[in-house]
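Small disclaimer: the values here were computed from a predicted structure and weren't measured. Just so you know, ligand 1 is whichever comes first in the structure, and atom 1 is the first atom listed for that ligand.
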Amino acid sequence: MKNVFVSPSIMTADFLHLGEEIAKVEQSGAPWLHLDVMDGSFVPNISFGPKVISDIRKGCGLFLDVHLMVIEPDHLLKAFAEAGSDCLTVHLEACKDLKRTLETIKSLGIQCGISIKPATSVSDVVPYLDIVDQILVMSVEPGFGGQKFMPASVDKVRELAQTRGDRKYLINIDGGISLSNIEILKQAGADAVVAGSSFFNSTDQKDFVRRMSQR
Ligand code: DX5
Ligand code: ZN
């Protein structure tokens with residue numbers, strides 16, 4: 001089995017020193033960088049948009065794992081793709097025509113993903129599993145870093161792993177993930193994990209990433 005991709009989320013980073021914070025992620029050995037885009041409407045918080053991602057892209061070689069917490073994001077997809085996103089993950093609950101949204105992302109030449117909130121079932125994403133590169137299971141209510149992990153999300157990871165068959169999608173999980181729950185997520189079949197506060201509060205980020213990613 002392959003190692004788990006660790007995707008540090010910059011929501012917990014110090015935005016005054018964002019360049020240095022991202023350099024820490026690169027030095028830690030984490031292969032992905034998780035970028036939380038919040039619109040103040042789908043979630044009760046606002047973060048940043050394509051300009052910030054494009055500036056990050058110029059100085060960062062990591063896989064940019066962009067999580068769009070945005071209602072009806074279609075009119076923004078081109079801007080986020082041109083900013084240098086490697087994967088755009090949209091929320092199932094935020095898109096009226098999810099298939100069209102996913103196809104638009106694919107037509108922009110990058111990967112696409114679907115995220116589901118804690119109350120949404122895995123059965124709701126099944127019709128799209130042939131199209132997506134990633135399913136992002138939320139293990140907190142989206143909107144803020146530093147929340148408590150919801151254990152019911154482990155069953156969703158397991159269900160997605162059991163349902164996969166020959167399909168290629170990666171199972172990613174986001175919210176409250178740390179060394180205290182990583183083992184159960186690995187066992188359930190997670191391919192990638194988002195780590196915000198647990199990464200930035202860690203005193204040895206290299207060791208943290210090694211322990212989080214090793215099977
Ligand atoms: C929540 C975000 C997460 C969050 C992760 O809406 O999608 O990516 O910032 O932070 P932690 O790991 O602290 O829960
Ligand atoms: Zn996220």
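The option from A13, P8, G176 that lies nearest to atom 14 (O) of ligand 1, judged by heavy atoms, is G176. Between N201, T12, D174, it is D174 that holds the heavy atom closest to atom 8 (O) of ligand 1.
For ligand 1, the atoms lying closer than 4.0 Å to a non-hydrogen atom of G143 are 1 (C), 6 (O). Using a 4.0 Å cut-off to heavy atoms of G175, the atoms of ligand 1 that qualify are 14 (O). Near H34, meaning under 4.0 Å from one of its heavy atoms, ligand 1 places the atoms 8 (O). The atoms of ligand 1 that sit less than 4.0 Å from any heavy atom of M11 are 9 (O). Ligand-side atoms of ligand 1 in range of H67: 7 (O), range being under 4.0 angstrom from any heavy atom. Each of the atoms 4 (C), 9 (O), 10 (O), 13 (O) of ligand 1 lies under 4.0 Å from some heavy atom of G145. Those atoms of ligand 1 that come under 4.0 Å of a heavy atom in P142, given as number and element, are 6 (O). For ligand 1, the atoms lying closer than 4.0 Å to a non-hydrogen atom of M38 are 6 (O).
The distance criterion of under 3.5 Å between nitrogen or oxygen atoms is met by S197 with respect to ligand 1. Considering both main-chain and side-chain atoms, S198 never comes within under 3.5 Å of ligand 1 through any nitrogen or oxygen pair. Between E141 and ligand 1, no N or O atom pair is found at a separation short of 3.5 Å. Between V194 and ligand 1, a contact under 3.5 Å exists for no N or O pair. Annotation: G196 places an N or O atom under 3.5 Å from an N or O atom of ligand 1; distance criterion only. Every N/O-N/O distance between M69 and ligand 1 stays at or above 3.5 Å. Inclusion of G146 in the set of residues having an N or O under 3.5 Å from an N or O of ligand 1 is warranted.
Taking the ring centre of F42 as origin, the terminal cationic atom of K117 falls inside the region bounded by 6.0 Å and 45° from the ring axis.
Shortest distance from the Zn ion (ligand 2) to D36 is reached at OD1 (N/O/S atoms only). Take the N/O/S atoms of D174: the one nearest the Zn ion (ligand 2) is OD2.
Shown here is L179, whose CG atom has more than 12 heavy atoms of other residues, nucleotides or ligands within 6.0 Å. Within a 6.0 Å radius of CZ in R211, other residues, nucleotides and ligands contribute 12 heavy atoms or fewer.
Looking at F144 against ligand 1, only its backbone comes within 4.0 Å, counting heavy atoms.
With hydrogens and angles ignored, the 3.5 Å screen pairs a side-chain donor or acceptor of R215 with a backbone N or O of K186. Checked by atom type and distance alone, the side chain of Q147 pairs as donor or acceptor with a backbone atom of F144 at under 3.5 Å. Listed for the S198 side chain is a donor-acceptor partner under 3.5 Å among the backbone atoms of I177. Counting only distance, with no hydrogens or angles, the side chain of N181 and the backbone of G176 share a donor-acceptor pair below 3.5 Å. The closest donor-acceptor contact from the side chain of E93 to the backbone of I116 lies at 3.5 Å or more, if one exists at all.
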For D36 and S9, run side chain to side chain donor-acceptor pair (under 3.5 Å): C-alpha distance rounded to whole Å, both residues' side-chain angles, the deciding distance at 0.1 Å, then the answer. CA-CA 7 Å; D36 287 306; S9 160; 2.8 Å; yes

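Taken from SG in C95 to CG in D74, the straight-line distance is 6.5 Å, to the nearest 0.5 Å.
Partner of L136 under the side-chain contact (heavy atoms from CB on, under 4.5 Å) criterion, out of I171, V90, V194: V194 alone.
With the Zn ion (ligand 2) at the apex, H67 ND1 and H34 NE2 define an angle of roughly 100° (rounded to 10 degrees).
Of all the heavy atoms in S115 and H67, the pair that sits closest is OG-NE2, 3.7 Å. Nearest heavy atoms, P142 versus P118: CD-CD, 4.3 Å.
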